[in-house]
Structures are given as structure tokens and as C-alpha cells.
Amino acid sequence: QVQLVESGGGLVQAGGSLRLSCAASGRSSSSYAMGWFRQAPGKEREFVAAASWSGSTIYYADSVKGRFTISRDNSKNTVYLRMNSLKPEDTARYYCARAKGGSGSYLTVGYDYWGQGTQVTVSS
């Protein structure tokens, strides 16, 4: 089994920054892509960013490209999401997920383990 625990969420003003962390425990996740998704109230869960198992291939949603940065440290079994220039529309619960393979996916069905999420609220 794999457990994913997110941290780093909070309340921030528009234009501010946060860094989310996702710590994986249980079976090693270093051979799998990792992703971040978010879900706002009344909306579907949407893709934010993903990193291949080595971190050499990165994917971003158009809405966060240039503002968010995903990275991973396989020695610590941790993946990060640095979020800069935050906007009120970034307000959501952010989830970390482990992909079914090494190359990542934009789709939720491409992931088989999920964390409980961390809330990010951006005030205007």
C-alpha cells in the first residue's frame, strides 16, 4: 500500500506564494510519475501538474503554466508544488496522486493512489 500526505496549504493573498509538499510512504514511489490535481466546490477535479518518475518530463495545465513548478526528490519520496502569483481562481483543495506508470497523465484515471488533499484559499 501507498500513503500520500499533502501539506503546505493555507490562506494567502492574491499575488502570493505557497509551496505544497506530498510525502509518500509505504511501497516506493520513485519509479512512478506523480501528479497534482485540484478541486473547487461544485467543480470536477482537474489536472494541475505532473512529473515523470525521474522528473525529466513535466506537464502543466495551461491555467498554471509559468506560475506553478512541480518537482520531486526521490531520495525523500516527496513531490512539491511551488505556486507563485496565486489568483483567487486557484482556490481549491489540492490533491497529490501517484500515477499507474512512469510517464504521468493528465487524467485522473491514470492515477491509483491519492492523498486526502490540502486546502488552498487565495483572497482577492
Side-chain angles (χ1 to χ4, degrees):
Q1 271 289 9
V2 174
Q3 294 80 41
L4 303 175
V5 179
E6 303 95 336
S7 61
L11 173 63
V12 64
Q13 289 188 333
S17 299
L18 284 173
R19 189 181 80 157
L20 306 183
S21 299
C22 172
S25 61
R27 298 177 64 182
S28 175
S29 296
S30 61
S31 299
Y32 297 86
M34 298 293 293
W36 287 96
F37 289 74
R38 65 187 182 187
Q39 188 167 18
K43 295 187 176 181
E44 292 188 353
R45 191 168 297 190
E46 64 173 4
F47 171 79
V48 175
S52 64
W53 71 272
S54 65
S56 61
T57 303
I58 302 291
Y59 312 84
Y60 293 105
D62 288 343
S63 59
V64 307
K65 203 171 291 183
R67 299 187 298 122
F68 290 12
T69 302
I70 187 172
S71 61
R72 63 189 297 167
D73 185 340
N74 287 340
S75 68
K76 297 181 179 179
N77 287 324
T78 301
V79 62
Y80 306 95
L81 185 69
R82 176 67 179 182
M83 306 185 295
N84 295 329
S85 302
L86 282 161
K87 305 175 181 180
E89 51 263 44
D90 294 318
T91 295
R93 192 163 186 85
Y94 283 70
Y95 296 88
C96 171
R98 197 190 82 169
K100 295 177 181 178
S103 59
S105 171
Y106 294 95
L107 305 176
T108 57
V109 295
Y111 297 80
D112 52 5
Y113 291 99
W114 294 82
Q116 293 299 307
T118 184
Q119 180 67 35
V120 172
T121 303
V122 184
S123 63
S124 57

Got a sec, which residues hit side-chain hydrogen bond (donor to acceptor under 3.5 Å, both in side chains) with Gln116, two or more places apart in sequence or on another chain?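 side-chain hydrogen bond (donor to acceptor under 3.5 Å, both in side chains) check on Gln116 returns nothing, list empty.
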
Quick one: does Leu20's side chain get under 4.5 Å of Met83's, heavy atoms only?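 They are in contact (side-chain heavy atoms under 4.5 Å apart), so the answer is yes.
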
Any Tyr80 side-chain heavy atom under 4.5 Å of Arg19 side chain: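 Contact flag for Tyr80/Arg19 side chains = yes.
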
Which atoms form the tightest heavy-atom contact between [X] and [Y], and what is the distance?
X	Y	answer
Val48	Phe68	CG1-CD2, 3.7 Å
Leu81	Ala49	CD1-CB, 4.2 Å
Ala99	Asp112	O-OD1, 3.8 Å
Cys96	Val79	SG-CG1, 3.8 Å
Gly104	Ala33	N-CB, 3.1 Å
Lys100	Val109	NZ-O, 2.8 Å

Measure the [atom1]-[atom2] distance between [X] and [Y] for me, rounded to the nearest 0.5 Å.
X	Y	atom1	atom2	answer
Lys87	Ser63	NZ	OG	8.0 Å
Glu6	Leu4	CD	CG	6.5 Å
Gln1	Ser25	CD	OG	10.0 Å
Arg72	Ser21	CZ	OG	13.5 Å
Met34	Thr78	CE	OG1	9.0 Å

Report, one line per pair, each donor and acceptor closer than 3.5 Å where one atom sits in a side chain of residues 117-124; sequence neighbours left out.
{"from": "Thr118", "atom 1": "OG1", "to": "Gly9", "atom 2": "N", "distance (Å)": "3.2"}
{"from": "Gln119", "atom 1": "NE2", "to": "Ala92", "atom 2": "O", "distance (Å)": "3.4"}
{"from": "Gln119", "atom 1": "NE2", "to": "Thr121", "atom 2": "OG1", "distance (Å)": "3.4"}

Val2 reachable from Val5 in the ILVMFWY side-chain graph, under 4.5 Å edges: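 Hydrophobic grouping puts Val5 apart from Val2.
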
Just grab all the side chain to side chain donor-acceptor pair (under 3.5 Å) pairs involving residues 44-56, residues at least two apart or on different chains.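 Residue pairs passing side chain to side chain donor-acceptor pair (under 3.5 Å), neighbours aside: Arg38-Glu46, Gln39-Arg45, Ser54-Ser56.
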
Salt bridge (Lys or Arg N to Asp or Glu O under 4.0 Å) contacts touching residues 49-66 (sequence neighbours left out):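 Every pair satisfying salt bridge (Lys or Arg N to Asp or Glu O under 4.0 Å) with a residue in residues 49-66: Asp62-Lys65.
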
Applying salt bridge (charged side-chain N to carboxylate O under 4.0 Å, His left out), can you list everything that pairs with Arg67, at least two apart in sequence or on another chain?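 So Arg67 forms a salt bridge (charged side-chain N to carboxylate O under 4.0 Å, His left out) with Asp90.
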
Could you list who else is in Trp114's hydrophobic cluster, with ILVMFWY side chains joined at under 4.5 Å, directly or through other members?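 Phe37, Phe47, Tyr59, Tyr95, Tyr106, Tyr111, which link up through side-chain heavy atoms under 4.5 Å apart, make up the rest of the cluster.
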
